[in-house]
Amino acid sequence: MKPSPPGPLSQPPSQPAGRGGDPSLFVRPDLRALAAYHLDLTPCRHKLDQNEVPWDLPRRFKLEMAERLLAADWARYPDFHSDELRRELGRIHGHPWEGVLVGNGSNELLSVTLTALVSPGTEVLGAEPSFGLYRSFVLKAGGVPHFLPPRPDLRLPADELESEVERGPKRPLLLCSPNNPTGDALPVERIERLLDRLQAPLLLDNAYGEFCQYDYRPLLSRYPHLILFRTFSKAWSLAGMRLGYLLADPRLVAELIKVKLPYNVGHASIAAGRVALAADEEARRRVRLLVLRRPQWMAMLSDLGFEVFPSEANFVLVRTQKPKEIRETLEARSIRVRDVSGYPGLAGCLRVSVGTGASLRAVQRVLRGEPDRSPARPSPPGPLSRHATPLPGRGGEEHGRARTSADAMGRLAPSSPGEGGGVAGEEGRGGEGRAGAGRIGRVERATGETKIRLELRLEGGARRIAVPNGFFGHMLQALTTHGGFGIDLEAQGDTHVDLHHTVEDVGIALGEALAAALGERRGIVRFAHAYAPLDEALARAVVDLSGRGTFHYSAPPELAAGWVTADFSLTLVADFFQALADRGRLTLHLDVLAARNGHHAAEAAFKAAALALRQAVAFRSGAAEVPSTKGTLSV
Ligand code: PMP
């Protein structure tokens, strides 16, 4: 913390605060005058108040992060400045790594940068309304906020800022684009015009940059006084890990590094960041989905009578006559939005995160006054909340969806091992039926996003597959044909939003059907592996019907994030088998060892998995128990 500037602020506390006195009076009076940051963090069903994305990082990446964390030596300090993460970020953004600085959230870096740049009493330019913490960052740094007043249309005041910069170009400018809480963003040329006029740094907070049509990064190489702040808290699903970074001129970063504390980012955040970056296709998918959903939210809110402001972020600002009443009505139904009506210029305004389809329907239902069939509050935290643990791969989305199934269908999900669906295992249970007369698993799942009916017959039979995507159908045909399974599958899904829900939910259903058909898994081969080529492509699957869901996957890096067809990305193969492994309670190592195109890679992977599964589910001759080095395997 900087020492107090000279002048009235350095006066001793007005009341003696020695023995028996109030020690809070020792705090600098300008800082005592700050309001504490406060938010309601109690659990709610639809959390739309903090601009987070609705989906947790898929479980397989969290497991990878946990592995990395286990491998780290906790007794040792982390790297001073998280250099490996800086290098990866530099590579991703095409920016010299020495010009990257990593912090405990981008908040920390904003504060550090202002502390480094602002001399006591210096004016810092900005605009209202914007991110609430800016004022306190400037004050803590000893600066004087000079934030322009809101425009009536709530757009970022580009012309006004330009004039202000021309009037005094040596004042740092702190700007948020896309702006929180309005969602407005400045085109690149407008930022460029400001940079052309400024003779001081432009601190450009780009926390929502991934959702925005304008990319400011190319400006970095031409304007050494531009500092771009980014965060892992939004598009990367890591708000809980506290990780942010800035991109700037390496000469400036060399100085900022002296102001920031060493070891400001611990092993856990570094590991999370590196795993998230390695899974960048996941982040891209999340962003694509939210950008697609944004107009749906805007249309829904506008239909409900709100004035809706344009947004380039993952949230939408709306105005109404009765913000308090609406916020409370939603809160009573466990939907939390942010009342921003106290911000300058924002009387009557609420800010709503772009959430899942389930959240959208919930908001719509409540504000239309339709009956809500779900309980008003989520389960309290504690042992019961284990049921609400987001399922692998789709995190909070799945959490919402399981309940949506009950809401939307107006009935409770049948009691079953999995949320949102019913499973029946037949004739395969216990040692009976060993002759293999018919190991059958049946699943019905209905959620807000997909509707699936599936019968899987391990002993073979007819194959009827109806799914809303040709390539996916082709893959399921390959899986069941080479697996020797009979199947009757009918799946519908919200493919107009994204194919992902349907692919993953069919994986879940197939896994559950497989687990049900396998029953207690006595007498089966259990371990198996297979290679499958398809021309130049080669895939390997190693299976253990272990009773535990574990999935490992790899594909050649140049193909891993690519597209198989115009609407089927290769990552869907991993998502499908992850769901299958989780719900089928099996270990699956699936590696695409070579491939030149995505189609061949996917098909070889499905065939290898099929061939391995076919062997693993077969009965061993004369066996009665599931083989295990620990004795009989309990499943
Ligand atoms: N800048 C803006 C505009 C934000 O809205 C937020 C978070 N709400 C942040 C920065 C802080 O991000 P982080 O979690 O990286 O500290």
Answer yes when [X] and [Y] have at least one side-chain N-carboxylate O distance shorter than 4.0 Å, and no when they do not.
{"X": "R60", "Y": "D575", "answer": "yes"}
{"X": "D153", "Y": "R155", "answer": "no"}
{"X": "E64", "Y": "R68", "answer": "yes"}

Open item on the list: Let's go through E88 and R274 carefully: what are the C-alpha distance in whole Å and the side-chain angles of both, what is the deciding distance for salt bridge (charged side-chain N to carboxylate O under 4.0 Å, His left out) to 0.1 Å, and is it a yes or a no?
Closed with: CA-CA 8 Å; E88 278 171 38; R274 296 188 65 194; 2.8 Å; yes

May I have the step-by-step check of salt bridge (charged side-chain N to carboxylate O under 4.0 Å, His left out) for R197 and E164, ending in yes or no? CA-CA 10 Å; R197 286 158 179 73; E164 193 62 39; over 6 Å; no

[X] side-chain N/O to [Y] backbone N/O, donor-acceptor pair under 3.5 Å:
{"X": "R351", "Y": "D49", "value": "yes"}
{"X": "S177", "Y": "L186", "value": "yes"}
{"X": "N314", "Y": "V291", "value": "no"}
{"X": "H95", "Y": "A248", "value": "yes"}
{"X": "N264", "Y": "V102", "value": "yes"}
{"X": "D184", "Y": "L156", "value": "yes"}
{"X": "N104", "Y": "E108", "value": "no"}
{"X": "E312", "Y": "Q213", "value": "yes"}
{"X": "R336", "Y": "D40", "value": "yes"}
{"X": "S111", "Y": "N107", "value": "no"}

Any side-chain heavy atom of [X] sitting closer than 4.5 Å to one from [Y]?
{"X": "L89", "Y": "L277", "answer": "yes"}
{"X": "V337", "Y": "S353", "answer": "no"}
{"X": "D249", "Y": "Y223", "answer": "no"}
{"X": "V352", "Y": "I335", "answer": "no"}
{"X": "R190", "Y": "D159", "answer": "yes"}
{"X": "E210", "Y": "R230", "answer": "yes"}
{"X": "L109", "Y": "L256", "answer": "no"}
{"X": "L317", "Y": "L346", "answer": "yes"}

Once you round to the nearest 0.5 Å, how far does [atom1] of [X] lie from [atom2] of [Y]?
{"X": "I191", "Y": "D196", "atom1": "CD1", "atom2": "CG", "result": "11.5 Å"}
{"X": "H225", "Y": "L195", "atom1": "NE2", "atom2": "CG", "result": "4.5 Å"}
{"X": "E98", "Y": "L252", "atom1": "CD", "atom2": "CG", "result": "13.5 Å"}
{"X": "N180", "Y": "S311", "atom1": "CG", "atom2": "OG", "result": "10.0 Å"}
{"X": "S554", "Y": "L590", "atom1": "OG", "atom2": "CG", "result": "8.0 Å"}
{"X": "D56", "Y": "R59", "atom1": "CG", "atom2": "CZ", "result": "11.0 Å"}

List the atom pairs, donor and acceptor, that lie under 3.5 Å between side-chain atoms in residues 237-247 and the rest of the protein, sequence neighbours left out.
residue: S237; atom: OG; partner: W55; partner atom: O; Å: 2.6
residue: S237; atom: OG; partner: R286; partner atom: NE; Å: 3.1
residue: Y245; atom: OH; partner: H93; partner atom: NE2; Å: 2.7

Minimum heavy-atom distance between [X] and [Y], given as atom pair plus value:
{"X": "V265", "Y": "S269", "value": "CG1-CB, 3.5 Å"}
{"X": "P145", "Y": "G143", "value": "CD-O, 3.8 Å"}
{"X": "A574", "Y": "F551", "value": "O-CE2, 3.4 Å"}
{"X": "A347", "Y": "R319", "value": "O-CD, 3.3 Å"}
{"X": "C212", "Y": "A185", "value": "SG-CB, 3.9 Å"}
{"X": "S136", "Y": "L34", "value": "CB-CD2, 3.8 Å"}

So D280 and W236, side-chain contact (heavy atoms from CB on, under 4.5 Å) or not? Walk me through it.
-> CA-CA 8 Å; D280 63 336; W236 296 93; 3.8 Å; yes

### Query
Of all residues at least two apart in sequence or in a different chain, which pass the side-chain contact (heavy atoms from CB on, under 4.5 Å) check with P556?
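Expected list: E558, L559, V592.
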
Side-chain polar contacts of residues 122-134 - donor-acceptor pairs under 3.5 angstrom, sequence neighbours left out - could you list them?
residue: T122; atom: OG1; partner: S119; partner atom: N; Å: 3.3
residue: T122; atom: OG1; partner: S119; partner atom: O; Å: 2.6
residue: E123; atom: OE1; partner: R171; partner atom: NH1; Å: 2.7
residue: E128; atom: OE2; partner: R135; partner atom: NH2; Å: 2.8
residue: S130; atom: OG; partner: N179; partner atom: OD1; Å: 2.7
residue: Y134; atom: OH; partner: D205; partner atom: OD2; Å: 2.6

Between the side chains of H81 and R86, is a donor N or O closer than 3.5 angstrom to an acceptor N or O? no

Exercise. Does one side chain, of H552 or D591, offer a donor that lies under 3.5 Å from an acceptor on the other?
Worked result: yes

query: More than 12 heavy atoms of other residues, nucleotides or ligands under 6.0 Å from CZ of R222: is that the case?
result: yes

> Any chance CD of E307 has more than 12 other-residue heavy atoms, nucleotides or ligands included, within less than 6.0 Å?
Replying inline: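 For E307, atom CD is crowded (more than 12 foreign heavy atoms under 6.0 Å).
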
Exercise. Could you go through the salt bridge (charged side-chain N to carboxylate O under 4.0 Å, His left out) check for R87 and E84 one step at a time?
Key: CA-CA 5 Å; R87 282 178 209 278; E84 286 193 50; over 6 Å; no

_Step-by-step side-chain contact (heavy atoms from CB on, under 4.5 Å) determination, F147 to V138_ = CA-CA 11 Å; F147 294 170; V138 173; 4.2 Å; yes

Residue set satisfying ring-ring contact (aromatic ring centres under 6.0 Å, His included) with Y216, at least two apart, ordered chain then number -> none

Sorted by chain and number, sequence neighbours left out, ring-ring contact (aromatic ring centres under 6.0 Å, His included) with F80 holds for Y263

Could you walk me through whether K140 and T115 pass the side-chain contact (heavy atoms from CB on, under 4.5 Å) check? CA-CA 8 Å; K140 277 190 241 176; T115 303; over 6 Å; no

**Q.** Residues L39, Q50; criterion side-chain contact (heavy atoms from CB on, under 4.5 Å); working and verdict
**A.** CA-CA 9 Å; L39 269 183; Q50 280 191 282; 3.1 Å; yes

After noting the C-alpha distance and the side-chain angles of D215 and R217, does the key distance pass the salt bridge (charged side-chain N to carboxylate O under 4.0 Å, His left out) rule? CA-CA 6 Å; D215 184 356; R217 291 171 300 173; 2.9 Å; yes

Residue pairs meeting ring-ring contact (aromatic ring centres under 6.0 Å, His included), one or both in residues 170-211, sequence neighbours left out, come to Y208-F315

